[in-house]
Amino acid sequence: MTELRLIEKIEGEAQVLYRFDKEERVSDAQIRFLNSRGIERILEGREPWDALAINPRVCGICGHAHLIATVRALEACYPSLRISPKAEAIRELTLSFELLQNHFKWFYLTIWPLLFPDERRIREATEPSRVVGEMIALVAGKYPHSSYALPGGISSDPTPVDLLGISERLRSVGRHFARSVIDAKPELFTRCERIEEMLSKEGDLPRVMREIMERGWERLGRSFDRFLVLGGGGLFVSGKSHATRIREHLDLRYLEEEPIEGSKALRVRYRRKSYEAGPLARAMLLRTPLILEAHRRYGDSLFSRILARVCEIPRLLLYTEELLGRIDLSEPSWIDPGELPGRAEGVGRIEAARGSLLHRVRIEEGKIARYQIVTPTQWNLGSGPVEEPGVAQKALLGLRREDPLELVFKSFDVCSVCTTH
Amino acid sequence: MNLLWLSALACNGNAHSLLNYPQLESWMEGFEWLYHPLFPSRYSYPEIEAGVGGCEILLIDGTLEEGMSRNRRPFAELLERYGREAKFVVTVGTCATFGGIFREGGEGRQGVHFHGEERRKRYDDLWPKTVSLPGCPVQPEVLAGTLSALASGAPLPLDEMRRPKYFYAYTVHDGCSRNEYFEYKIEEHRFGELEGCMFYDHGCQGPYTRGSCNRVLWNGVSSKTRAGQPCMGCSEPDFPAVGLWQTSKNMGIPARMPLGVSRRAYLTLAGMAKAFRFERFETPMMEPGEERLPGEEREGS
């Protein structure tokens with residue numbers, strides 16, 4: 001029998017058309033996104049730099065990732081362009097900051113209510129996120145929807161006092177993490193490899209993970225065990241892996257978008273294979289000990305996925321602290337990139353909160369002729385015929401009606417608006 | 001008061017912007033969410049579609065599209081039903097107010113009462129109870145402040161587009177840290193510098209855009225123009241213009257004048273200002289000076 005369910009509060013909604021077999025197990029799960037704004041069309045014919053203003057509006061929670069992907073795609077179109085290490089580092093900072101507030105919000109507003117619906121955790125999400133918004137605005141002017149990254153660097157001229165203000169707030173976010181998520185120093189997460197050590201700490205993360213284990217859900221939601229990271233270079237390492245077998249080589253020509261019946265989203269695959277994007281993929285490529293241990297025990301289950309996402313917070317805290325320490329403010333914020341050629345093509349790829357984000361721009365006669373946006377949720381949630389399922393679709397197959405289907409789905413941290421853009 | 005937030009074709013920027021409101025916890029004590037796109041709310045979306053009672057303020061964000069649905073019921077049906085019941089209808093953000101960026105992405109799209117500057121009458125019965133809060137996204141202080149005023153019964157004078165004057169009587173130009181370069185017609189600006197005004201060359205629409213971005217700072221700390229980006233008029237009906245980083249000019253003069261200022265007045269004032277040379281405005285603001293703190297290195301010593 002089939003059943004249509006709505007999954008909501010995932011930066012929009014998705015409909016899942018479940019088919020259950022005689023044993024009441026999921027025999028198919030078609031995932032449909034219903035609305036598209038048509039942003040790729042809106043960009044056609046526009047001035048190239050207008051994309052820096054339009055593209056953050058793909059999404060209200062990860063728009064900054066779209067900005068950075070846009071500026072990289074545009075910069076790839078200039079024949080000889082230079083940006084200072086300072087501008088590069090500041091962009092990395094604000095990009096990383098956006099990831100932080102995504103993870104806090106997802107953990108407390110999306111996952112927590114599924115496990116502990118009677119215990120509200122709002123402030124634990126909004127407080128650190130608000131502080132992160134200030135950190136971004138201190139150099140980018142405004143959050144959400146800044147356009148401060150432009151070809152040649154950044155538009156602002158931060159002072160040491162601005163960076164000190166960011167540092168103080170970063171420490172405050174660290175305190176929020178320690179007080180509510182898990183009472184452990186960030187450094188622990190780079191070397192800890194025992195799940196028991198994590199579970200023994202105080203905090204909402206160990207509580208969530210223990211709850212998942214108590215309910216017997218730790219092995220649910222396994223998928224292809226294939227991972228993809230396109231946006232290496234900063235904190236993350238790009239490449240792909242099958243389980244723990246890593247291949248760093250990637251050829252974007254193998255990336256292919258396909259339409260999905262009944263959905264306004266496109267699926268995307270690499271060499272016609274579905275790959276998971278996101279924090280679990282990034283942790284596998286980085287070989288984060290704790291996540292490798294979770295993966296060794298439970299595979300690419302919802303346990304590993306949830307743990308990987310939350311454990312990215314301390315990695316980002318350490319990374320951004322280190323970046324802040326090595327910024328030389330005497331370098332230029334912006335270096336004139338020269339003339340944009342009338343005909344050019346460029347690709348920008350970065351790691352957004354939910355996974356790899358790719359932007360491709362083609363410029364003809366000095367205007368945007370074509371613009372392609374491929375989002376992480378397209379990798380994870382794009383579904384297909386049951387013989388060739390997508391990542392989340394596969395994770396749902398075989399689960400029983402009474403299993404936590406919505407939790408498996410939401411462990412992917414879905415962004416409905418990005419997926420259809 | 002009960003709030004019901006419905007999103008049409010949206011990016012969720014307005015919802016996330018509200019989450020940045022510094023006094024969010026205190027503010028939320030006065031309200032209950034019948035539905036919200038992010039927070040746990042009293043009802044689920046299917047329940048909202050089936051029909052619930054008690055809506056006092058209906059919030060709409062996102063661009064409306066003819067025939068659209070977010071699940072099973074036509075969005076228009078929900079807008080009409082809850083709009084009729086509500087005491088107030090608030091269009092949150094530029095998309096719901098004027099159509100915004102996504103207006104261009106398909107057929108049959110509009111804000112609740114406007115398509116750009118053009119008034120649309122489909123929901124005219126909701127016009128007398130509408131409050132317009134354009135912005136991309138709306139500033140959290142603007143949304144929270146407006147809802148608090150509505151809930152408390154405080155007077156809320158509105159302009160001809162039903163925007164609260166407390167927030168929209170200002171222009172984005174009011175409070176910009178680059179004002180002196182505008183005032184004295186210093187036209188040079190390079191990106192990545194604190195100095196310079198972006199009105200002349202780099203497309204800044206601050207002087208004719210209604211909003212409080214440089215008065216109620218973004219995230220409590222800054223604004224686009226303070227951070228070297230031109231105001232792109234994101235709260236105005238015609239957002240987004242084409243060529244957002246460039247100033248259209250007629251005979252070397254910006255094509256659009258500051259709000260309420262005639263071209264003749266502008267040219268007269270500009271001519272007078274340009275007759276003078278102001279050394280302070282030609283000097284970098286933070287050029288290292290002679291004074292040193294004890295122990296600071298001196299160049300060449």
Side-chain angles (χ1 to χ4, degrees), chain A residues 6 8-9 11-13 15 34-39 41-42 46-47 49-50 52-54 57-61 63 87 105 109 113 117 120 122-123 125-126 129-130 133-134 136-148 150 152-157 159 165 332-336 417, chain B residues 7-17 19-22 24-25 28 36-41 44-46 63 65 68-72 100-102 104-106 136-137 190-194 213 217-229 232 234 240 242-246 286:
Chain A
L6 183 75
E8 55 185 286
K9 303 193 201 239
E11 303 304 323
E13 299 86 27
Q15 285 181 344
L34 297 187
N35 295 106
S36 170
R37 292 154 294 153
I39 289 175
R41 267 198 312 280
I42 289 169
R46 278 191 163 261
E47 294 288 331
W49 282 32
D50 284 355
L52 299 165
I54 306 279
R57 276 87 177 181
V58 170
C59 184
I61 197 180
K105 284 175 177 170
L109 298 180
R120 278 168 76 93
I122 306 282
R123 184 187 344 121
T126 58
S129 298
R130 182 184 61 77
E134 291 177 10
I136 296 174
L138 277 167
V139 288
K142 161 188 184 188
Y143 187 77
H145 300 338
S146 164
S147 301
Y148 91 118
L150 57 172
I154 59 174
S155 64
S156 55
D157 188 13
T159 69
S333 290
W334 182 76
I335 299 169
D336 193 332
V417 293
Chain B
S7 287
L9 294 183
C11 73
N12 274 10
N14 297 299
H16 284 286
S17 189
L19 263 57
N20 289 334
Y21 186 57
L24 186 68
E25 206 177 344
M28 291 239 283
H36 188 278
L38 306 172
F39 287 138
S41 51
S44 70
Y45 195 74
T63 313
E65 182 180 56
M68 70 169 286
S69 171
R70 297 277 296 220
N71 182 33
R72 308 259 216 174
I101 290 180
F102 311 129
E104 304 177 21
C136 188
R190 277 178 58 86
F191 291 112
E193 294 180 0
L194 293 171
C213 302
L217 296 178
W218 274 97
N219 311 87
V221 299
S222 191
S223 76
K224 282 186 71 180
T225 63
R226 290 172 182 224
Q229 303 143 79
M232 292 171 178
C234 75
V242 170
L244 292 163
W245 297 82
Q246 303 135 264
M286 300 190 187

**Q** Any heavy-atom pair between the side chains of B:Asn12 and A:Pro144 that's under 4.5 Å?
**A**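 Side chain of A:Pro144 against side chain of B:Asn12, heavy atoms only: no contact under 4.5 Å found.
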
**Q** With only heavy atoms counted, which part of A:Arg123 is less than 4.5 Å from chain B, the side chain, the backbone, both or neither?
**A**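 For A:Arg123, the contact with chain B is made by the side chain alone.
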
**Q** Is A:Glu11 close to chain B through its backbone or its side chain, or both, or neither, when contacts mean heavy atoms under 4.5 Å?
**A**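 Backbone plus side chain of A:Glu11, per the 4.5 Å heavy-atom cut-off to chain B.
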
**Q** Can you tell me which portion of B:Val242 sits under 4.5 Å from chain A's heavy atoms? Options are side chain, backbone, both or neither.
**A**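 Both parts, backbone and side chain.
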
**Q** Report which part of B:Ser17 has an atom under 4.5 Å of a heavy atom belonging to chain A: side chain, backbone, both, or neither.
**A**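 Both the backbone and the side chain of B:Ser17 come within 4.5 Å of chain A.
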
**Q** With rounding to the nearest 0.5 angstrom, report the CD1 to CZ distance, A:Ile154 to B:Phe191.
**A**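 Rounded to the nearest 0.5 Å, the CD1-CZ separation comes out at 13.0 Å.
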
**Q** With a 4.5 Å heavy-atom cut-off, do A:Lys142 and B:Pro137 have their side chains touching?
**A**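 In contact.
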
**Q** Does A:Arg130 reach the side chain of B:Leu19, with side-chain heavy atoms less than 4.5 Å apart?
**A**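 Counting from C-beta outward, A:Arg130 and B:Leu19 never come under 4.5 Å.
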
**Q** Who among B:Cys11, B:Gly13, B:Gly105 has the most heavy-atom pairs with chain A under 4.5 Å?
**A**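 Most heavy-atom pairs within the cutoff with chain A belong to B:Cys11.
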
**Q** In Å and rounded to the nearest 0.5 Å, what is the CZ to CD1 distance from A:Arg37 to B:Ile101?
**A**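 Separation between the atoms: 9.0 Å.
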
**Q** How long is the gap from CG on A:Asn35 to CG on B:Leu9, to the nearest 0.5 Å?
**A**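 One finds 5.5 Å between CG of A:Asn35 and CG of B:Leu9.
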
**Q** Go through the atoms of A:Ser36 and report whether side chain, backbone, both or neither lie under 4.5 Å from a heavy atom of chain B.
**A**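 Just the backbone, heavy atoms under 4.5 Å.
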
**Q** Could you check if a side-chain atom of A:Trp49 sits within less than 4.5 angstrom of a side-chain atom of B:Gln246, using non-hydrogen atoms only?
**A**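 A:Trp49 does not reach B:Gln246 side chain to side chain.
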
**Q** What residue in B:Gly100, B:Pro46, B:Ser7 has the most heavy-atom pairs under 4.5 Å with chain A?
**A**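 Result: the option with the highest number of such pairs is B:Pro46.
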
**Q** Side chain, backbone, both or neither: which part of B:Thr225 has a non-hydrogen atom closer than 4.5 Å to chain A?
**A**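 Neither part, no heavy atoms under 4.5 Å.
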
**Q** Could you check which of A:Glu134, A:Glu47, A:His145, A:Arg46 has the highest count of heavy-atom pairs closer than 4.5 Å to chain B?
**A**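 Of A:Glu134, A:Glu47, A:His145, A:Arg46, A:Arg46 has the most heavy-atom pairs under 4.5 Å with chain B.
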
**Q** Hey, which of A:Gly153, A:Gly12, A:Gly141 has the most heavy atom pairs under 4.5 Å with chain B?
**A**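 Most pairs with chain B among the choices: A:Gly141.
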
**Q** Going by the rule side-chain contact (heavy atoms from CB on, under 4.5 Å), which residues pair with A:Glu13 if we only count those two or more places apart in sequence or in a different chain?
**A**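 side-chain contact (heavy atoms from CB on, under 4.5 Å) check on A:Glu13 returns A:Leu6, A:Glu8, B:Tyr35, B:Arg70.
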
**Q** Between B:Tyr21, B:Phe102, B:Phe39, who has the most heavy-atom pairs with chain A when the cutoff is under 4.5 Å?
**A**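 Option with the top pair count is B:Phe102.
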
**Q** To the nearest 0.5 Å, what is the distance between NE2 (B:His16) and OH (A:Tyr143)?
**A**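 These two atoms lie 7.5 Å from each other.
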
**Q** Non-hydrogen atoms of chain A under 4.5 Å away: do they reach the side chain of B:Cys213, the backbone, both or neither?
**A**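 The answer is neither part of B:Cys213.
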
**Q** Would you call A:Ile54 and B:Pro240 a side-chain contact if the rule is heavy atoms closer than 4.5 Å?
**A**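 The answer is yes, as the side chains (C-beta and beyond) meet within the 4.5 Å cut-off.
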
**Q** Which bit of B:Ala15 comes within less than 4.5 Å of chain A, counting heavy atoms only: side chain, backbone, both or neither?
**A**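 Neither part.
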
**Q** When only pairs under 4.5 Å are counted, which of B:Ser222, B:Gly192, B:Ala8 shares the most heavy-atom pairs with chain A?
**A**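 Sorted descending by pairs with chain A, the first entry is B:Gly192.
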
**Q** Between B:Asn71 and A:Gln15, is any pair of side-chain heavy atoms under 4.5 Å apart?
**A**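 When only atoms from C-beta onward are counted, A:Gln15 and B:Asn71 do touch, with a gap below 4.5 Å.
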
**Q** I need the minimum non-hydrogen distance between B:Gln229 and A:Ala140, along with the two atoms involved.
**A**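 In this case the closest contact between B:Gln229 and A:Ala140 is NE2-O, 2.9 Å.
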
**Q** Locate the shortest heavy-atom distance separating A:Val139 from B:Ala227; write the atom from each residue and the value.
**A**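 That closest heavy-atom pairing would be O-CB, 4.0 Å.
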
**Q** Highest number of heavy-atom pairs under 4.5 Å with chain A: which of B:Met232, B:Glu65, B:Arg72?
**A**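 Highest number of heavy-atom pairs under 4.5 Å: B:Arg72.
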
**Q** At a 4.5 Å cut-off on heavy atoms, which part of B:Glu193 comes close to chain A: side chain, backbone, both, or neither?
**A**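 Just its backbone gets close to chain A.
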
**Q** Report the distance from atom CH2 of B:Trp218 to atom OG of A:Ser146, rounding to the nearest 0.5 Å.
**A**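 Answer for the CH2-OG pair, B:Trp218 versus A:Ser146, is 10.5 Å.
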
**Q** What part of B:Leu24 lies closer than 4.5 angstrom to a heavy atom of chain A: side chain, backbone, both or neither?
**A**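 Looking at B:Leu24, just its side chain touches chain A.
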
**Q** Among residues at least two apart in sequence or on other chains, which ones pass side-chain contact (heavy atoms from CB on, under 4.5 Å) with A:Pro332?
**A**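 Only A:Ser84, A:Ile335 meet the side-chain contact (heavy atoms from CB on, under 4.5 Å) criterion with A:Pro332.
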
**Q** Most heavy-atom pairs under 4.5 angstrom with chain B, which of A:Ser147, A:Gly152, A:Ser129, A:Cys59?
**A**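 Counting heavy-atom pairs under 4.5 Å, the top option is A:Ser147.
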
**Q** Within a strict 4.5 Å, meaning less than it, do heavy atoms of the B:Met28 and A:Ile122 side chains meet?
**A**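 Side chain of B:Met28 against side chain of A:Ile122, heavy atoms only: contact under 4.5 Å found.
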
**Q** Rounded to the nearest 0.5 Å, what separation is found between the NZ atom of A:Lys9 and the OG atom of B:Ser41?
**A**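 Result: 2.5 Å between the selected atoms.
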
